[in-house]
Amino acid sequence: QKEVEQNSGPLSVPEGAIASLNCTYSDRVSQSFFWYRQYSGKSPELIMSIYSNGDKEDGRFTAQLNRASQYISLLIRDSKLSDSATYLCAVMFPWGGATNKLIFGTGTLLAVQP
Amino acid sequence: DGGITQSPKYLFRKEGQNVTLSCEQNLNHDAMYWYRQDPGQGLRLIYYSQIVNDFQKGDIAEGYSVSREKKESFPLTVTSAQKNPTAFYLCASLAGGPLSDTQYFGPGTRLTVL
């Protein structure tokens, strides 16, 4: 089983709709969870981090963490054409001693349709 | 402006040639990372460094080398031993401290073998 799994998509939503992106992870010890957005040919940019069970909202974005189910999601409300990108889920895992390691999923391509 | 810079943006390598990718940050971050991204895949860790004059292998270190002589700089050399080096290379740095484990990425270098 992969450590961090995402559906590769593409996920297609109409402009103005809610986009729901999902991610599962394999290690219960993980403390930190991140969503990055990556436009084609560009580097990832952080859009949300979440550390506690429940929801965290930032503008049109809501990250949800369910540790019992080892599940993270990202909701994007009022989707805009500029939200079209690949969304990478990342989980910080313990990696020996005091070192942690950030593991990325393969990303979900979101296509917002006009 | 604070940030992470990578150069060059595009790099072409001939078979059997070593090339060095530059990564510089002025964020005063201790930890720096090199990742490789192939089409349709997530980011894979090549090397990381938590402090000056110390670095550790990641998951795919074979054919790569690094140095960390200054806090600000973490160059990556792609050697001729790396058989499939064509990829998008991303450098990241991390702001440490409690719950401050967010990695920030440079703009990336796209390496192509001719």
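Reminder, nothing fancy here: chain letters follow the sequence lines and each chain counts from 1.
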Quiz item: Using a heavy-atom distance cut-off of less than 4.5 Å, which residues of residues 106-114 of chain B contact chain A?
Solution: Gly106(B), Pro107(B), Arg110(B)
Quiz item: More than 12 non-hydrogen atoms from neighbouring residues, nucleotides or ligands closer than 6.0 Å to CD on Gln17(B), yes or no?
Solution: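 Yes - once you tally the heavy atoms of other residues, nucleotides and ligands closer than 6.0 Å, there are more than 12.
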Practice problem: If a pair satisfies salt bridge (charged side-chain N to carboxylate O under 4.0 Å, His left out) and one of its residues is in residues 65-84 of chain B, list it, with sequence neighbours excluded. | Solution: Asp30(B)-Lys71(B)
Quiz item: Got a sec, which pairs hit salt bridge (charged side-chain N to carboxylate O under 4.0 Å, His left out) with one end in residues 40-53 of chain A, sequence neighbours left out?
Solution: Arg37(A)-Glu45(A)
Group every Ile, Leu, Val, Met, Phe, Trp and Tyr by side-chain heavy-atom contacts under 4.5 Å, then state whether [X] and [Y] land in the same group.
X: Leu90(B); Y: Tyr48(B); value: yes
X: Leu27(B); Y: Val52(B); value: no
X: Ile4(B); Y: Phe55(B); value: no
X: Leu75(A); Y: Leu110(A); value: no
X: Ile18(A); Y: Leu81(A); value: no

Quiz item: Where does Leu88(A) contact chain B at under 4.5 Å (heavy atoms): side chain, backbone, both or neither?
Solution: side chain
Practice problem: Counting only heavy atoms closer than 4.5 Å, note whether Gln38(A) contacts chain B via side chain, backbone, both or neither. | Solution: side chain
Quiz item: What part of Leu43(B) lies closer than 4.5 angstrom to a heavy atom of chain A: side chain, backbone, both or neither?
Solution: both
Quiz item: Which atoms of Gln103(B) come close to chain A, meaning under 4.5 Å heavy atom to heavy atom: side chain ones, backbone ones, both, or neither?
Solution: both
Exercise. Under 4.5 Å, counting heavy-atom pairs only, tell me which of Ser49(A), Gly105(A), Ser8(A), Pro44(A) racks up the most with chain B.
Key: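 Greatest number of close heavy-atom pairs with chain B: Pro44(A).
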Practice problem: Any chance you could measure Gln37(B), atom CD, to Thr86(A), atom OG1, to the nearest 0.5 Å? | Solution: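 With rounding to 0.5 Å, CD (Gln37(B)) is 8.0 Å from OG1 (Thr86(A)).
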Quiz prompt | Pairs touching residues 31-50 of chain A that satisfy ring-ring contact (aromatic ring centres under 6.0 Å, His included), sequence neighbours left out | solution =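 Output for this query lists Tyr25(A)-Phe33(A), Tyr36(A)-Phe104(A), Tyr36(A)-Phe105(B).
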